[in-house]
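This report concerns only the one structure given below.
The analysis underlying the following values was restricted to heavy atoms, covering all of them including side chains, and did not include hydrogens, waters or symmetry mates. It should be emphasised that the depicted structure is a prediction, and the values quoted were computed from it without experimental measurement.
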Amino acid sequence: MAPHSSPRPARRPLTPAPFVLRLCLHLLMAGLLVLAAVRAHSAAGTMAAAVTGAVYAAGSYLPPVRTSRRAAAVWLGVLGASWLAMLWLTPEALWVAFPLYFLQLHLLPVRWSLPAVALTAGAAILSYVGHGAALNPGVFIGPLLGAAVAVATVLGYQALYRESERRRRLIEELIGARAELAAAERHAGTLAERERLAREIHDTLAQGLSSIQLLLRAAERALPPDSPAAGHIERARRAAQDNLAEARRFVRALTPSDLEHGSLAAALERLCGPGAGAYGSEAGPRVRFSVSGTPVELPTPYEVALLRIAQSALANTVRHASASRAEITLSFMDASVTLDVVDDGEGFEPGSVRPSSEGGFGLPAMRARAESLGGTFTVESAPGQGTAVAVSLPLSPEDRSPTAGGTA
């Protein structure tokens, strides 16, 4: 609990109809005070009832009582003192103890309210006996039963309120999570469509224009130097070349941003370097990247698939493997390009993999991405022996020309 001197935020209503509940409590207190004043056998008792009512009315309309625990405690202390004076003067003040229970339970923390309720019930019993009433079980049962009913009602109601608030927050979190999931799905769908378009343009338009250009060049070489068709073939070849460059520009515009500023090898090296998210952070494993063989220019779908598989494999290593080291190797061979991701983590049984509780389908998605390009995907792992992920994609003869930069 905060110190007495610090204000507390305004109370949220415990029910959808706080006005009705407050009105009922005011009417109950007013009715019992009027009853005590009417049945008092002295003017002093009537005056004490009036003073208690005035203190209660003042506190009900003072904002600090609703915003500060210290102000609420002071007001309850003054109200309790006036009630004790009234109790001293007339036994009819006994009935006012019941609304006092509810006030104490509502305005004070539990560790203070329960002792306050017990003291109020004890004072009511002692007053009743002190005014000469005969001792019988009802003298004790009445105040104690009223206190028990008030405690059970208020604490039970507060427990229901906390549960409803927990459910409300859970619903808000679910709504927010659903909105985030929908946004993530839309973003993933956009990226997938971009990659599909890039693959289609590369595999159809770009390859077709490249073939047309090669055929026109061959036809140009086969023509006699003075052939009237040579100029037309030259213009057709240049048009095919210009359209091929335009198609490749479209493919570059649709590829992931990681591949916009360099080759696949450069993107993978940035993925493993310091500051590259969770992969290169101090909290994760140390990641090393290497290239084997002579790099060649890969089709855009190959670069996208290998980059995404490397990202997904490293994400699994960081989240699940508890590894200290990981290594990515990009190997260029005569008939294929291979990506290997190896870590020294906890390992697992590949045959027992199930979708995670977070909805992850990393390994199946990587396998599907590789197989959609005619490649193979393998996972080797065992408990305590780390994990090795390998993907191999076939290379056609036209894909095997070395890149201008040589090795990465």
>> For Pro285 versus Ala326, what's the shortest heavy-atom pair and its separation?
In response: CB-N, 4.4 Å
> Which residues satisfy the side-chain contact (heavy atoms from CB on, under 4.5 Å) test with Gln241, sequence neighbours excluded?
Replying inline: Gln213, Arg237
> Counting only heavy atoms not in Glu380, do more than 12 fall under 6.0 Å of its CD?
Replying inline: no
>> So which atom in Glu303 and which in Leu298 form the shortest heavy-atom distance, rounded to 0.1 Å?
In response: CG-CB, 3.8 Å
> Nearest 0.5 Å, what's the CG-CG distance between Asn316 and Asp343?
Replying inline: 9.5 Å
> Do any pairs count as a salt bridge (charged side-chain N to carboxylate O under 4.0 Å, His left out) and have a residue in residues 144-164, sequence neighbours left out, and if so which ones?
Replying inline: Glu163-Arg166, Glu163-Arg167
> If you measure from CG on Leu330 to CZ on Phe289, what distance do you get to the nearest 0.5 Å?
Replying inline: 5.0 Å
> Closest approach of Met366 and Ala313, non-hydrogen atoms and distance?
Replying inline: SD-N, 3.9 Å
>> Could you work out, with side chain to side chain donor-acceptor pair (under 3.5 Å) as the rule, every residue matching Asp340, not counting sequence neighbours?
In response: none
> How would you list, by chain and number, every residue that makes a salt bridge (Lys or Arg N to Asp or Glu O under 4.0 Å) with Arg235, sequence neighbours excluded?
Replying inline: none
> CD/Glu165 to CG/Leu170 distance, rounded to the nearest 0.5 angstrom?
Replying inline: 12.5 Å
> With sequence neighbours excluded, what pairs up with Ala118 under the side-chain contact (heavy atoms from CB on, under 4.5 Å) test?
Replying inline: none
>> Thr376: which residues meet the side-chain contact (heavy atoms from CB on, under 4.5 Å) condition with it, sequence neighbours left out?
In response: Ser392
> So, Ser312 side chain and Ile309 main chain: donor-acceptor pair closer than 3.5 Å or not?
Replying inline: no
> Considering residues at least two apart in sequence or located in another chain, which fulfil the side chain to side chain donor-acceptor pair (under 3.5 Å) criterion with Ser322?
Replying inline: Glu346
>> List the residues meeting side-chain contact (heavy atoms from CB on, under 4.5 Å) with Val151, not counting sequence neighbours, and say none if there are none.
In response: Leu105, Leu114, Val117, Leu155
>> Between Arg169 and Glu173, is the salt bridge (Lys or Arg N to Asp or Glu O under 4.0 Å) condition met? List the steps.
In response: CA-CA 6 Å; Arg169 288 192 296 270; Glu173 292 173 1; 5.9 Å; no
>> Check whether Tyr302 reaches the backbone of Pro394 with its side chain - one donor and one acceptor, N or O, closer than 3.5 Å.
In response: yes
> Do Ser381 and Thr387 have a side chain donor and acceptor closer than 3.5 Å?
Replying inline: yes
> What residues form a side chain to side chain donor-acceptor pair (under 3.5 Å) with Arg325, not counting sequence neighbours?
Replying inline: none
>> List the residues meeting salt bridge (Lys or Arg N to Asp or Glu O under 4.0 Å) with Arg217, not counting sequence neighbours, and say none if there are none.
In response: none
